[in-house]
Amino acid sequence: MIELQGLTKRYGDKTAVDHLTFTVRPGVVTGFLGPNGAGKSTTMRMMLDLDNPTAGDVRIDGKHYRDLNEPFKYIGALLDAKAIHGGRTAYNHLLCLAQSNRIPATRVAEVLETVGLSSVAQKRSKGFSLGMGQRLGIAGALLGDPEILMFDEPVNGLDPEGIHWIRNLMKDLAAQGRTVFVSSHLMSEMALTAEHLVVIGQGRLLADTSMADFIAMNSRSYVRVRTPDPERLRDALAAAQITPVVTGDGSFEIEGGDPARIGELAAKHQLTLHELSPQRASLEEAFMQLTADSVEYHAGGHLAGDPAGAVPVTDGAAPQWGAGWSGGKDSTPSTGKES
Amino acid sequence: MAAPGAVLQSEWTKIRTVRSTVWTLALAFLVTVAFSAIICAVVNSQFKTFSAEEKLTFDPTGTSFAGILLGQLALVVFGVLVIASEYSSGMIRTSLAAVPQRASFYFSKVAVAGALALVVGMATSFISFFLGQSLLGSHKASIGDPGVLRAVIGTGLYMTLLVLFCVGVATMLRSPMLGLGILMPFFFLVSPILSAVPKVKTVAKYFPDQAGRQITTVVQVGDNAAPYGPWAGFAIMAAWVVAALLGGYLILKNRDA
């Protein structure tokens, strides 16, 4: 259990993290989502007492991180795959970490096996790919067999097999009753792993909810209808006081429509339908909508006319939704977008 | 608090598992011993050309440590890299996540680096002394002569303090580039040059290296003359070291990692 209470970090007059209050509960994967520069990495560094908060507090099972005796036995964290001295072998890197927390040296070989790095245990990590570095960082997080695990952008640099592996690892860890807290700027990634969602934008809490509620609250649902006879369908719908939206490809979208009712209506008018499908806006769209509101201070903003957003999320899809946010790596104390 | 023994053991593993430790310390040993030996051999062959005054103030012990002026540069690299490589690699965040009690982390690292420097420093000074004396022929000093053993042990201590000074300064600077960029020119150029400039050299005598090297000599006249004795000079250097280590600790304690 991790509890954040009014956590705030300012760099000069820039506020990177702004009064964050939420709790990370055991037994589920909690996704920590936000655009680049939203303050995710800064928050995670403050959780580990690496950075001092300007105000507020973080408690790990009721204690400050710095008061934990042998912290790796409570909480393991992957912050940055490059936070490793490249001149040390993978084995020795883990050995010095294990020794500082009085974890038996035999555990080093175990975690190397878990992350699939046994064959390069005696190699200097300088030559590792980003994916191997991530695996070594994850091995470090697992060393103390902790009840709480934190991963900052763990899929970065991993190949598809590695991404699949880390997803299952996180689910397994949560299924064992552990607290798993994972950050990402990819909603599609979160949708596949997280059950609970904490969304921040510009350092502020935007949502703290279950994944299902998040989808229900933030996405629109509609019915898509396609017919070879659009004129008659439009008349039939108009007669039933339904106003469809005609999209570019000639199909109709009926906001909040009931597919059964529309199907019956079509049957009554003996209309041929080529498609009648309930649609949900994707999580990407929901996330974008949420953060766009916060970032740009628009009220109730819809991302108008984004048909791609309605496509069900596919694995590993990297749509353009993030393009509007300031670029750069999240780990820097970024100020985010100021518009 | 993490168990102190566990953190010391961890820091020992860290220091022995990177190549820079081995090559910097080996270089410090080899360069000091080799240059000292060469200078002793040259002095022995040229001794008859020395002036009467030079002959009178000749310090065979100090001469057998002459190579330290070059060898200490490798010690500077060692002291800087011990801590600064944690910053340049980002390892510092992993290290502090493992040991969030920063005093425990820092002073364990200082202790391990200091202990290793002491061992290498003592080995260097004793071997440098005996090899140097054997090359000085009839001009040699004996380890039993007054002040000689003090100078030999003092040389080992000087090397240790130098490393600790560099650890402290590098912790304040948090970067190998800055640490080496400031400390190398200081010990190799600034301090030797200023110590040769009239008037300025009275100030330079209080620099950590100038003050600390007083203990490595036996005959404290001529070039070696100083307004303080060998142990007082050592205490001046020790004060520099304490200040540097404390400054490093305060920065580590208060800054974001």
## Note on the structure
Separation between CD (Q101(B)) and CG (N69(A)), nearest 0.5 Å, reads 7.0 Å
#### Entry: Closest contact, heavy atoms only, A97(B) versus L48(A)
CB-CD1, 4.5 Å
### Query
Which members of residues 101-131 of chain A, sorted by number, sit under 4.5 angstrom from chain B on a heavy-atom basis?
N101(A), R102(A), R124(A)
### Task
Please round to the nearest 0.5 Å and tell me the distance separating atom OG1 of T13(B) and atom CG of L94(A).
12.0 Å
### Message
For the CZ atom on F130(B), are there more than 12 heavy atoms of other groups (residues, nucleotides or ligands in this structure) within a distance under 6.0 Å?
### Response
yes
### Query
Going by an N to O cut-off under 4.0 Å, is there a salt bridge joining R93(B) and D80(A)?
yes
### Validation row: M91(B), L97(A) side chains within 4.5 angstrom (heavy atoms)
yes
### Heavy-atom proximity to chain B below 4.5 Å, by part of D49(A)
backbone
#### Entry: Among K9(A), R45(A), R10(A), salt bridge (charged side-chain N to carboxylate O under 4.0 Å, His left out) partner for D256(B)
K9(A)
### Task
Could you tell me which portion of F72(A) (side chain, backbone, both or neither) has an atom closer than 4.5 angstrom to a non-hydrogen atom of chain B?
side chain
### Query
For atom CZ of F126(B), is the number of surrounding heavy atoms from other residues, nucleotides or ligands below 6.0 Å larger than 12?
yes
### Query
If you tally heavy-atom pairs under 4.5 Å against chain A, which of R102(B), E11(B), E86(B) wins?
R102(B)
### Summary
So CG of L8(B) and CD of Q99(A): to nearest 0.5 Å the spacing works out to 11.0 Å
### Query
Mind checking whether H85(A) and K14(B) have side chains closer than 4.5 Å, heavy atoms only?
no
### Query
Any idea which heavy atoms bring C96(A) and S10(B) closest together, and the distance?
O-OG, 2.7 Å
## Note on the structure
Most contact-rich option vs chain B, by heavy-atom pairs under 4.5 angstrom, among N92(A), I75(A), L95(A), is N92(A)
### Query
Can you name the closest pair of heavy atoms from H93(A) and T94(B) and give their distance?
CE1-CG2, 4.2 Å
### Task
Output the distance between atom CZ (R255(B)) and atom CG (L50(A)), rounded to the nearest 0.5 Å.
14.5 Å
### Query
Should we say atom CD of E3(A) is surrounded by more than 12 heavy atoms from elsewhere, each under 6.0 Å from it?
yes
#### Entry: Minimum heavy-atom distance A83(A)-G90(B), with the two atoms named
CB-O, 3.2 Å
### Heavy-atom pair with the smallest gap, counting every atom of N254(B) and N52(A)
O-ND2, 3.1 Å
